[in-house]
Amino acid sequence: MSRFVTTQWLADHLDDPEFQVIDASWHMPNSGRNAHAEYVAGHIPGAIFFDLDKNADTASGLPHMLPDAETFSAMAGALGIASDKTLVVYDEAGLFSAPRAWWTFTVMGARDIKILKGGGPKWRAENRPLETGDSVAPPAAFDAKLDSGAIARFETVLAASQAGDQILDARGAARFTGETPEPRAGLKSGHIPSSRNLPFDTLIADGALKPEAELEQAIRAAGIDPAKPVITSCGSGVTAAVLALALDTIGAKKVALYDGSWTEWGGRDDAPVQTGPAR
């Protein structure tokens with residue numbers, strides 16, 4: 001089932017009070033880009049900026065970790081995001097961090113979440129209207145109900161690794177094998193033992209996921225059976241959501257995202273690390 005809507009669809013619904021647009025742009029720490037500054041300079045009219053790093057458990061010591069349901073309800077409500085409206089999320093990379101917002105709001109019980117196909121780049125390329133400054137919405141009610149089964153913690157991932165259960169890593173192949181260093185300082189290189197690799201960007205075309213048949217073929221080719229439980233992982237829990245979205249799209253029912261991902265695993269002395277290709 002497709003989670004995407006087109007730019008024309010969004011343009012037709014921009015003034016509909018039952019829809020809320022959310023800019024969930026986020027960039028890697030070493031990218032040299034500032035997502036909020038870019039948003040202020042120009043964004044889809046009415047879009048609320050959802051900062052993945054601020055709307056999180058900021059006391060965890062790890063980036064953009066999910067907060068508890070009560071905290072998230074307060075954060076989302078203060079931004080004017082309502083759990084009973086249709087949320088349309090996008091990012092300014094095309095399709096990079098928007099799936100993390102889709103996953104976050106899904107896990108927190110939002111009624112309906114869509115992703116803008118092509119994101120901000122496509123909207124801009126079509127010369128559609130932009131708004132500057134911060135879009136401010138009146139406070140809203142967000143009744144978060146956390147789906148704890150969709151979140152994998154360190155202990156769960158460690159047990160899955162030791163048992164040889166399915167773990168799918170979204171990072172690039174060179175990071176997975178340990179050939180290149182991690183972009184975050186202080187982390188070991190390599191991957192979770194017994195995990196498989198499927199770089200998230202190989203599943204994307206034109207700012208959306210590839211057709212379902214291609215997604216399933218790629219997932220199975222990576223050694224993953226979508227009918228069995230899967231844990232997705234990446235560098236810090238952002239692009240792991242692209243894999244979760246792809247698995248959801250092809251009908252997988254038992255998918256959990258490792259929220260701490262490699263930032264947690266690669267920074268722990270008690271976490272075993274494997275290098276080289278998956279085996």
Side-chain angles (χ1 to χ4, degrees), residues 3-27 33-60 63-93 95-124 128-147 150 237-238 241 245 259:
R3 299 291 185 184
F4 291 86
V5 295
T6 65
T7 50
Q8 185 57 57
W9 182 95
L10 180 56
D12 292 341
H13 290 85
L14 266 187
D15 296 325
D16 190 327
E18 290 305 307
F19 295 86
Q20 289 187 301
V21 186
I22 297 172
D23 184 331
S25 297
W26 177 87
H27 305 298
R33 296 181 66 177
N34 183 310
H36 183 253
E38 293 179 7
Y39 164 86
V40 169
H43 56 267
I44 295 174
I48 298 167
F49 184 73
F50 185 78
D51 191 321
L52 294 181
D53 290 322
K54 290 183 178 179
N55 297 294
D57 178 2
T58 55
S60 71
H64 36 258
M65 294 284 284
L66 283 184
D68 59 61
E70 183 179 359
T71 300
F72 188 84
S73 292
M75 289 174 168
L79 289 172
I81 300 172
S83 53
D84 63 350
K85 293 192 176 183
T86 295
L87 311 179
V88 183
V89 298
Y90 75 96
D91 64 55
E92 287 292 351
L95 188 67
F96 178 61
S97 56
R100 170 70 190 200
W102 164 83
W103 178 79
T104 296
F105 284 106
T106 299
V107 168
M108 288 296 179
R111 185 191 69 183
D112 188 29
I113 311 100
K114 305 294 185 184
I115 301 172
L116 180 62
K117 181 179 181 180
K122 183 172 175 60
W123 184 271
R124 293 168 186 275
R128 297 188 184 274
L130 295 171
E131 185 175 79
T132 58
D134 279 299
S135 293
V136 178
F142 196 101
D143 182 19
K145 293 179 174 62
L146 182 64
D147 178 6
V238 173
L245 177 64
D259 206 12

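All heavy atoms count here, side chains included; hydrogens, waters and symmetry mates do not. Numbers here are sequence positions counted from 1.
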Look up atom CG in Leu95 and atom NZ in Lys122, then write down how far apart they are to the nearest 0.5 Å.
13.5 Å
Under the rule for side chain to side chain contact (heavy atoms under 4.5 Å, CB included), what residues qualify as partners of Asp68, not counting sequence neighbours?
Glu70, Thr71
Answer yes or no: is there a side-chain heavy-atom contact under 4.5 Å between Asn55 and Leu79?
yes
Check the angle between the aromatic planes of Phe105 and Phe50 and answer parallel, tilted or perpendicular using the 30° and 60° thresholds.
tilted
Does the side chain to side chain contact (heavy atoms under 4.5 Å, CB included) test come out yes or no for Tyr90 and Ile115, once each step is laid out?
CA-CA 6 Å; Tyr90 75 96; Ile115 301 172; over 6 Å; no
Taking every heavy atom of Glu38 against every heavy atom of Arg124, the minimum-distance pair comes out as O-NH2, 4.4 Å
Does one side chain, of Thr86 or Arg111, offer a donor that lies under 3.5 Å from an acceptor on the other?
yes
Heavy-atom pair of closest approach, residues Ala56 and Met75
O-CE, 3.4 Å
Output the distance between atom OH (Tyr39) and atom CD1 (Ile44), rounded to the nearest 0.5 Å.
10.5 Å
Ala24 and Ser97: which non-hydrogen atoms are nearest, and at how many Å?
O-OG, 2.7 Å
Find out whether Arg100 and Trp26 are in side-chain contact, i.e. whether some heavy atom of one side chain is under 4.5 Å from a heavy atom of the other.
no
Rounding to 0.5 Å, atoms OG1 (Thr104) and CG (Leu52) come to a distance of 6.5 Å
Which distance, rounded to the nearest 0.5 Å, do you find between the OG1 of Thr106 and the CG of Asp147?
9.5 Å
Could you check whether the rings of Trp9 and Phe19 sit parallel, tilted or perpendicular, using 30° and 60° as the cut-offs?
perpendicular
On a heavy-atom basis, which atom in Ala144 and which in Phe72 lie closest, and how many Å separate them?
CB-CD2, 4.3 Å
For Lys85, salt bridge (Lys or Arg N to Asp or Glu O under 4.0 Å) partners two or more places apart
none
Atom CG of Leu66 and atom CG of Asp259: how far apart are they, to the nearest 0.5 Å?
4.5 Å
How long is the gap from CZ on Phe142 to CG on Asp84, to the nearest 0.5 Å?
9.5 Å
Asp143: what forms a salt bridge (Lys or Arg N to Asp or Glu O under 4.0 Å) with it, not counting sequence neighbours?
Lys145
Decide side chain to side chain contact (heavy atoms under 4.5 Å, CB included) for Val5 and Lys117; before the verdict, give the C-alpha distance in whole Å, the side-chain angles of both, and the deciding distance to 0.1 Å.
CA-CA 6 Å; Val5 295; Lys117 181 179 181 180; over 6 Å; no
Over all heavy atoms of both residues, which pair between Pro45 and Pro129 is shortest? Give the atoms and the distance, please.
CD-O, 3.2 Å
In short, Glu92 meets Ser25 closest at the heavy-atom pair N-OG, 2.8 Å
Which pairs pass side-chain hydrogen bond (donor to acceptor under 3.5 Å, both in side chains) with one or both residues in residues 128-141, sequence neighbours excluded?
Gln8-Arg128, His36-Asp134, His43-Glu131, His43-Ser135, Glu126-Arg128, Glu131-Ser135
Residues passing the salt bridge (Lys or Arg N to Asp or Glu O under 4.0 Å) test with Asp112, sequence neighbours excluded, are Lys114
All salt bridge (Lys or Arg N to Asp or Glu O under 4.0 Å) counterparts of Asp91, not counting sequence neighbours:
none
